[in-house]
Amino acid sequence: GENVEQHPSTLSVQEGDSAVIKCTYSDSASNYFPWYKQELGKRPQLIIDIRSNVGEKKDQRIAVTLNKTAKHFSLHITETQPEDSAVYFCAATDPSSYKLIFGSGTRLLVRP
Amino acid sequence: NAGVTQTPKFQVLKTGQSMTLQCAQDMNHEYMSWYRQDPGMGLRLIHYSVGAGITDQGEVPNGYNVSRSTTEDFPLRLLSAAPSQTSVYFCASSYSRRTEAFFGQGTRLTVV
């Protein structure tokens, strides 16, 4: 089945800097890659997603890139703000079932 | 529009007790899942369902049962609680296998 690895586990950046979180997946047939943000004590919420027929997607300060050949995808946050501090999860859909498999999460701290 | 509703929010069980975590969604979503969240391990899939009457196992199904008698409800049963089942449990639903998953507010379960 699908396996998703996420790095780094923690990331600390200065406000205004960029942050990059990377994930790799195991099943080359996977075709949907969402990113979720979870604030302390809250539920995970989708911030951006990408499908396998697209290489890059942007939404204001957030972008996701997908490299199908290397089986990895990345989240890029530019001009970070303190409210970006949270845990971020990547995920991939197992193409043979509905299973949405998550990475282990990255705790992002944006220092004012 | 309530979205995904989980009950209870908090629960303490003694080892060996059984209980049911409730999950209901009002978005007419076919896909529903249960995850557990442990520190440093991300969100791990317990069981999932692709429609009423259809359920399947996720990554960590042992010790848990599910059923899906209606589109709206997807309860998770702990048959004989163990301390290793202490965790935060999230229910999620989505319209399809490649669209946003909406999460409930979570249930914090402690087994003593």
Side-chain angles (χ1 to χ4, degrees), chain A residues 1-10 21 23-27 29-54 57 59 64 66 73 86-108, chain B residues 2-7 9-10 21 23 25 27 29-61 66 68 74 87-108:
Chain A
E2 179 66 274
N3 183 52
V4 179
E5 295 191 356
Q6 183 171 346
H7 300 280
S9 57
T10 59
I21 302 170
C23 289
T24 60
Y25 59 97
S26 60
D27 195 323
S30 291
N31 55 15
Y32 178 62
F33 307 92
W35 286 88
Y36 286 81
K37 176 183 180 181
Q38 185 180 29
E39 297 176 348
L40 189 62
K42 301 288 183 63
R43 71 192 78 186
Q45 291 189 298
L46 181 77
I47 55 172
I48 195 167
D49 58 11
I50 192 168
R51 291 173 176 78
S52 57
N53 59 342
V54 175
K57 184 177 179 180
D59 183 4
V64 57
L66 172 64
F73 56 113
V87 178
Y88 292 81
F89 293 99
C90 63
T93 298
D94 186 318
S96 62
S97 71
Y98 165 58
K99 295 180 185 179
L100 183 62
I101 304 300
F102 283 82
S104 55
T106 297
R107 184 174 299 278
L108 174 64
Chain B
V4 180
T5 303
Q6 284 182 240
T7 56
K9 288 187 178 180
F10 302 94
L21 307 185
C23 176
Q25 53 90 10
M27 297 174 282
H29 287 169
E30 291 294 331
Y31 297 87
M32 298 187 74
S33 305
W34 276 101
Y35 292 88
R36 60 177 289 172
Q37 183 173 28
D38 302 293
M41 301 188 76
L43 294 155
R44 292 185 292 169
L45 182 64
I46 305 172
H47 286 285
Y48 66 101
S49 170
V50 299
I54 306 170
T55 64
D56 205 346
Q57 296 182 348
E59 303 169 278
V60 288
V66 292
R68 185 94 180 271
F74 191 43
S87 188
V88 179
Y89 292 85
F90 285 99
C91 177
S93 75
S94 66
Y95 176 75
S96 76
R97 62 184 69 194
R98 298 205 305 161
T99 57
E100 178 178 2
F102 292 87
F103 285 81
Q105 73 269 38
T107 296
R108 184 173 295 276

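Predicted model, so just to flag it, every value in this text is computed and none were measured. Below, chains carry the letters A, B, ... as their sequence lines are ordered, and counting in each starts from 1.
Using a 4.5 Å cut-off between heavy atoms, B:L43 contacts chain A through both its backbone and its side chain. Looking at A:Q6, there are no atoms closer than 4.5 Å to chain B (heavy atoms on both sides), in backbone or side chain. Interface residue A:N31: backbone and side-chain heavy atoms are both found under 4.5 Å from chain B. Residue contact with chain A, scored on non-hydrogen atoms closer than 4.5 Å, is absent for B:V88. Looking at A:Y36, only its side chain comes within 4.5 Å of chain B, counting heavy atoms on both sides. Of the atoms belonging to A:P34, not a single heavy atom falls under 4.5 Å from chain B. Contacts of A:T93 with chain B are made by side-chain atoms alone, with heavy-atom separations under 4.5 Å and no backbone atom involved. Interface remark: B:Q6 contributes no atoms to any contact with chain A (heavy atom separation under 4.5 Å).
Under the 4.5 Å side-chain criterion, counting only non-hydrogen atoms from C-beta, B:Y35 is in contact with A:L100.
Taking chain B as the reference chain and counting heavy-atom pairs below 4.5 Å, the highest number among A:I101, A:V4, A:D49, A:D94 is found for A:I101. Most heavy-atom pairs under 4.5 Å with chain B: of the set A:Q38, A:K42, A:Q45, A:R107, this distinction falls to A:Q38. Between chain A and the options B:R108, B:R44, B:M41, B:Q37, heavy-atom pairs under 4.5 Å are most frequent for B:Q37.
The CZ atom of A:R43 lies 8.5 Å from the CZ atom of B:F90; values are rounded to the nearest 0.5 Å.
Residues of residues 95-105 of chain B lying under 4.5 angstrom from chain A, judged on non-hydrogen atoms, are B:S96, B:R97, B:R98, B:T99, B:E100, B:A101, B:F103, B:G104, B:Q105 in numerical order.
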